[in-house]
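Just so it is clear, the values below take in all heavy atoms, side chains as well, and ignore hydrogens, waters and symmetry mates. Just so it is clear, the structure is predicted and the values come from calculations on it, not from any experiment.
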Amino acid sequence: MIPYEAYQNLFEKYKINAWHTIEQAWKEKHRFYHNEEHLAFLLNKIQLSPWSEAEKEILYLVAFFHDIVYKPKGQDNEEKSAQLFEELC
């Protein structure tokens, strides 16, 4: 659904060398709302936005990493997502 490899240059620009990890996380079967459909919606909205390319790059990263760690009953998904972002950079 999402061409993750199309964002490889963006990930590499920010020293994120594990785009396969990002893809695997978003394809987890237990995701209900924060799933690939939701991510595709966000990426499309960003792409169509009037913001500069530099602003879009930051928003793409925010979209990919918001709740990348998703446990349905987890109370710390956002915190763990931020930690994963820091680990991958």
Q: Could you check whether the rings of F65 and F85 sit parallel, tilted or perpendicular, using 30° and 60° as the cut-offs?
A: perpendicular
Q) Rounded to the nearest 0.5 Å, how far apart are SG of C89 and CG of L61? A) 7.5 Å
Q: Report yes if some heavy atom in the side chain of R31 is under 4.5 Å from a heavy atom in the side chain of E36; otherwise report no.
A: no
Q) Is the backbone N or O of K71 less than 3.5 Å from a side-chain atom of N77, with the two atoms forming a donor-acceptor pair by type? A) yes
Q.
Ring centroids only, cut at 6.0 angstrom: are Y70 and F32 within range, meaning strictly under it?
A. no
Q) Stepwise, does the side-chain contact (heavy atoms from CB on, under 4.5 Å) test hold for L88 with N17? A) CA-CA 7 Å; L88 292 180; N17 296 317; over 6 Å; no
Q: Return yes if some donor-acceptor pair links the side-chain N/O of H38 with the main-chain N/O of N35 below 3.5 Å, else return no.
A: no
**Q.** Heavy-atom closest contact (V69 atom, S81 atom, distance)
**A.** N-OG, 3.0 Å
Q) Just checking, is any N or O donor in the side chain of Q47 or Y60 under 3.5 Å from an acceptor N or O on the other one? A) no
Q) Is the count of non-hydrogen atoms from other residues, nucleotides or ligands lying under 6.0 Å from E37 atom CD greater than 12? A) no
Q.
Let me confirm one number: the NZ-CG distance from K45 to L43, rounded to the nearest 0.5 Å.
A. 12.5 Å
(Q) Checking K13 against E57 for the side-chain contact (heavy atoms from CB on, under 4.5 Å) test, could you report, in this order, the C-alpha distance in whole Å, the side-chain angles of both residues, the deciding distance, and whether it holds? (A) CA-CA 10 Å; K13 178 178 179 178; E57 284 182 357; 2.8 Å; yes
Q. Would one find more than 12 heavy atoms of other residues, nucleotides or ligands at under 6.0 Å from atom OH of Y14?
A. yes
(Q) Does K56 have more than 12 heavy atoms from other residues, nucleotides or ligands lying within 6.0 Å of its NZ? (A) yes
(Q) Between W26 and H20, is the ring centroid distance below 6.0 Å? (A) no
Q) Is there a path of hydrophobic side-chain contacts, each under 4.5 Å between heavy atoms of I, L, V, M, F, W or Y residues, that connects F41 with I58? A) no
Q | Spatial distance of atom NZ (K80) from atom CD1 (I68) [nearest 0.5 Å] | A | 14.0 Å
Q) Going from CD1 on I16 to OG1 on T21, what distance comes out if it is rounded to the nearest 0.5 angstrom? A) 11.0 Å
(Q) Would you call the rings of Y7 and F64 parallel, tilted or perpendicular, taking 30° and 60° as the class edges? (A) perpendicular
**Q.** Pair E28, Q24: side-chain N/O donor-acceptor within cut-off below 3.5 Å
**A.** no
**Q.** Trace of the side-chain contact (heavy atoms from CB on, under 4.5 Å) decision for L59 with L42
**A.** CA-CA 9 Å; L59 291 170; L42 293 174; over 6 Å; no
Q.
List the residues meeting side-chain hydrogen bond (donor to acceptor under 3.5 Å, both in side chains) with E55, not counting sequence neighbours, and say none if there are none.
A. S52
